[in-house]
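One structure is given here, and the rest of the page talks about it.
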2 protein chains.
Amino acid sequence: MKYPPSLVALIRELSRLPGIGPKSAQRLAFHLFEQPREDIERLSSALLEAKRDLHTCPICFNITDAERCDVCSDPSRDQSTICVVEEPGDVIAIERSGEYQGLYHVLHGVISPMNGVGPDRLYIKALLPRLDTAREIILATGTTVEGEATALYLQRLLEPMGVALSRIAYGLPVGGALEYADEVTLGRALSGRQQLRRDPAK
Amino acid sequence: MKYPPSLVALIRELSRLPGIGPKSAQRLAFHLFEQPREDIERLSSALLEAKRDLHTCPICFNITDAERCDVCSDPSRDQSTICVVEEPGDVIAIERSGEYQGLYHVLHGVISPMNGVGPDRLYIKALLPRLDTAREIILATGTTVEGEATALYLQRLLEPMGVALSRIAYGLPVGGALEYADEVTLGRALSGRQQLRRDPAK
């Protein structure tokens, strides 16, 4: 007994998605088989329409369906600060924090020699002309090994260019118990401690 | 800043898939955005073609693209034994074990009062006319609570009907889904099945 070819094709296409192995793809395919035709057509159209409508903003490389993304086309944003992030999802995460009023630059990845991703595969070159108007660059790549390596690469690249450079703070996540923090995070949280009251003796 | 509508639509459709929450759907959407147009079109077509070509076999309710499924249309299969399983994926799992030569009956679910699934929502009624030609029914639902309850329901339903009844052996780890069992365990579970009611002809 064999799977019908169109089922095999669907399982193969689904298993190309990240984090979905052959078993999950099979489960997904069976689930989809049970769904009404309208649901499948809606998913299929959503895929095609997203691919048709969406592209990267020519300035910051965030995802947009307009000529420029919402942030780049908003004159009330602080034009002198650029926050460099790995992925478009990071922009939304930072926007949700409500703490940031500047612009973004989306690298679309991290430097990862293990996966054959060098700096030339990321939107790094396009960041350089933006330094003419920027006064501060915030390096907000992740705190993974690759995120750190990418931040270090950018730091060395941008240091000679006369802009203020910063890296997002390391520390405990808000709401986290000290007891459950890993040693490295706790070490960084301690060494990066912020003064609440100056030593009166000094 | 807001997501473009076509990105929102794609994330919404993806998050309707089982086991994919809003965060995973967002990651998947960004991943799909980075893929070449051909890949998206292939996934989209695979969805539509699977929905167009596939249906359930009118005899055993396995997934097929033909009039009858491969098993039901194969005269060399043992027509006197029917193995009752939860899902089409279970058929493939049992076929891989190579231990079974009979027919199948796919319930397309399990009895689950918690999820509002009663016996009438499964392909149970359609099993009854098949008892005319069958001598043994193997209950091969999973060893989850719902799988056990479904097997018990079928046992009580079929016991008065004069067929031999068996339940696959507890070679499977209790609490495990049939689909994830390895071939050897599954083969042992089948060959070690235990009789619930003796064949009255013997």
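Protein chains get the first letters and strands the later ones, always in sequence-line order, with residue 1 at the start of each. Remember, predicted model here, so these are calculated numbers, not experimental data. All values below come from the heavy atoms of this structure, side chains included, with hydrogens, waters and symmetry mates left out.
- Among the residues in residues 106-131 of chain B, those with a non-hydrogen atom closer than 4.5 angstrom to a non-hydrogen atom of chain A are His108(B).
- At a heavy-atom separation below 4.5 angstrom, chain B is approached by Glu87(A), Pro88(A), Gly89(A) within residues 78-90 of chain A.
- Within residues 15-25 of chain A, the residues that have a heavy atom under 4.5 Å from a heavy atom of chain B are Arg16(A), Leu17(A), Pro18(A), Ile20(A), Lys23(A), listed by number.
- For Glu67(B), the CD atom counts as loosely surrounded, since its 6.0 Å shell holds 12 or fewer non-hydrogen atoms of other residues, nucleotides or ligands.
- Options Arg96(A), Arg12(A), Gln26(A), Arg42(A) differ in how many heavy-atom pairs under 4.5 Å they form with chain B, and the most are formed by Arg42(A).
- By the 4.5 Å heavy-atom criterion applied to side chains, Leu14(A) and Leu43(B) are counted as neighbours.
- Under the ring-ring contact (aromatic ring centres under 6.0 Å, His included) criterion, Phe33(B) pairs with no residue, sequence neighbours left out.
- Ranking Asp39(A), Asp74(A), Val8(A) against chain B, the residue ahead of the rest is Asp39(A), based on heavy-atom pairs under 4.5 Å.
- Of the listed residues (Ala9(A), Ser44(A), Ala29(A)), the one with the most heavy-atom contacts under 4.5 Å to chain B is Ser44(A).
- Chain B forms more heavy-atom pairs under 4.5 Å with one residue of Ala46(A), Ser6(A), Ala50(A) than with any other, namely Ser6(A).
- Interface summary for chain B: among Arg27(A), Gln35(A), His55(A), Arg52(A), the most heavy-atom pairs under 4.5 angstrom belong to Arg27(A).
- Annotation: maximal heavy-atom pairing with chain A below 4.5 Å, among Glu49(B), Glu34(B), Glu41(B), occurs at Glu34(B).
- Shortest non-hydrogen contact noted between Ile40(A) and Lys51(B) is CG1-CD, 3.7 Å.
- For Pro4(B) against Ile63(A), the heavy-atom pair with the smallest separation is CG-O, 4.2 Å.
- Looking only at heavy-atom pairs under 4.5 Å with chain A, the residue among Leu28(B), Asp53(B), Leu54(B) that has the most is Leu54(B).
- The structure places OH of Tyr3(A) at 12.0 Å from CG of Asp70(B), a figure rounded to the nearest 0.5 Å.
- In this structure the side chain of Leu7(B) never reaches within 4.5 angstrom of the side chain of Asp65(A), judged on heavy atoms.
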